[in-house]
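The structure under discussion appears below in the form of structure tokens.
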Protein chains: 2
Amino acid sequence: MSIPTVPLRIAVVLFPALTALDVFGPLNALNLLSIQHSMTLSLLSTDLKPVSIDRTIIDGVYQGMPSWQSPNLTQLVLPTHTFDDAPDFDVIMVPGGSGTRNLNLTKPHVDWLQGRMDDPNLQYMMTVCTGTSLLARTGKIAGKNATTNKAAFNWVKTVEHAEDVNWIAKARWVVDGNLWTSSGVSAGTDMTLGWIEHVYGRNESERIRIQLEWVSLNQTDDPFAEIYGLV
Amino acid sequence: MSIPTVPLRIAVVLFPALTALDVFGPLNALNLLSIQHSMTLSLLSTDLKPVSIDRTIIDGVYQGMPSWQSPNLTQLVLPTHTFDDAPDFDVIMVPGGSGTRNLNLTKPHVDWLQGRMDDPNLQYMMTVCTGTSLLARTGKIAGKNATTNKAAFNWVKTVEHAEDVNWIAKARWVVDGNLWTSSGVSAGTDMTLGWIEHVYGRNESERIRIQLEWVSLNQTDDPFAEIYGLV
């Protein structure tokens, strides 16, 4: 397919306790892609405060922090835009992480995604891992095929509107129209490489995979569905 | 082997234009490990300013930034300590990235690493990708076996003191005493899982690998050495 706009405007949604590799595996591939191809890469949050990686902080108090780990040692990434000042995007990616289990904390994210699902500019909506739960909660993927993290698969199926989604247990990632959803953590990078192949061609996805020294699973390869007893 | 101190004090060194996955693949594994095992995880830089991911900024000017990407969209991670106020560490990890090619920018990192290589507290020194070049420049790994990124292999061999290192072209990662060095990008996560197995046992490394839905290469599996014409 052809690239819809130049520069292609890509956004990654951030929330507290996002999973590090869910965000930075796909971004590493896209950062390499963006050296050769015209695109912008934005990071979105409710405000411009640093966002915690793999740990949740709410109102200055850390949740589920191991006693030996100081809050001062939390890993933090900076957003580039807030939801309120976000421009149009062609591609939106939603990572997963334990923060998705906090339904109040992620309500602004679900509300924003709900609006963007109706945006005619949107060419692709992509989710990694439990990021699919945020999208399911919008009610906008009813009737669609989708997958999610395998350890959290049965939890994701309990969120609001999840019963309307056609959940695929065994898949590294699933494509249904412009909706791309991946299995857990590392699967997001395989999906991103699959998306690069789809949009920019196999030579580009292989060039980047080899730069990352990354070993890919294909779209239907999913040993983890069996490990987690889902098939 | 037994775990040398509790909490185990781990530091990751940051510099501008670090490679995203070099840092956040290993950290994702360690963040999961740290929920069950007593350890601290610190991020070190020359100062506490945000550090750029996959892009270099020097004195407010971006280097090698594609014309379509705004400096405002740079991905940034926050350090937890400066080199000057860094406490003792048991484990130090050095990622790679294009920033390692800037010898002036990374001189403070090399100087700090040089001092820490003589620190009796240090149990493990680990490098990912071109991070090995920073360690080679300290002159403290003369005579040691080591590896590095395969695309950058021949460049790394040109840095100061690199001629004294026994470079291993075909290896996912190399262990020589307390020195652990990995091949490019994704190999750092395989090495980290190998280190978790070494210190905490196979059950722990497998538990974390499966949570990450990660497909590992073993220590001697390295298809990329051949792809890059190094063997």
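This one's a predicted model, so the numbers in the text were calculated from it and none came from an experiment. In what follows, chains are A, B, ... by sequence order, proteins preceding strands, each numbered from 1.
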Looking only at A:Leu32, A:Leu27, A:Leu21, A:Asn28, most heavy-atom pairs under 4.5 Å shared with chain B are made by A:Asn28
If one checks every heavy atom of A:Leu43 against chain B at 4.5 Å, the contacting part turns out to be side chain
Among the options A:Ala187, A:Ser34, A:Ala29, pick out the one with the most heavy-atom pairs lying under 4.5 Å from chain B.
A:Ser34
Under 4.5 Å from any heavy atom of chain B - which part of A:Gln211:
both
Find the one option among A:Gly25, A:Gly184, A:Pro50 whose heavy-atom pairs under 4.5 Å with chain B are most numerous.
A:Gly184
A:Ile35 and B:Arg55: which non-hydrogen atoms are nearest, and at how many Å?
CG1-NH1, 3.9 Å
Pair count under 4.5 Å, heavy atoms only, with chain B: among A:Ile210, A:Ile227, A:Val77, A:Val215, highest is A:Ile210
Should the pair A:Trp214 and B:Trp214 be assigned to parallel (<30°), tilted (30 to 60°) or perpendicular (>60°) ring geometry?
perpendicular
For A:Leu212, which atoms come within 4.5 Å of any heavy atom of chain B: side chain, backbone, both, or neither?
both
For residues 147-154 of chain B, please give each side-chain donor-acceptor pair under 3.5 Å, one per line with the distance, not counting sequence neighbours.
residue	atom	partner	partner atom	Å
B:Thr147	OG1	B:Ile168	O	2.8
B:Thr148	OG1	B:Cys129	O	2.8
B:Asn149	OD1	B:Ala151	N	2.8
B:Asn149	OD1	B:Ala152	N	2.8
B:Lys150	NZ	B:Ala169	O	2.8
B:Lys150	NZ	B:Ala171	O	3.1
B:Lys150	NZ	B:Ser183	OG	3.1
B:Lys150	NZ	B:Asp222	OD2	2.5

For atom CG of B:Asn203, decide whether the heavy atoms of other residues, nucleotides or ligands shown that lie under 6.0 angstrom number more than 12.
no
Side-chain heavy atoms of B:Ile53 within contact of A:Phe24, under 4.5 Å
yes
Heavy-atom distances under 4.5 Å only: say whether B:Leu73 touches chain A with side chain, backbone, both or neither.
both
Under a 4.5 Å heavy-atom cutoff, which of B:Pro223, B:Ser216, B:Ser186 has the most pairs with chain A?
B:Ser186
Examine whether an atom of A:Leu41 lies under 4.5 Å from a heavy atom of chain B, and if so say whether it belongs to the side chain, the backbone or both; otherwise answer neither.
both
Heavy-atom check, side chain of B:Glu213 versus side chain of A:Ser182, under 4.5 Å
no
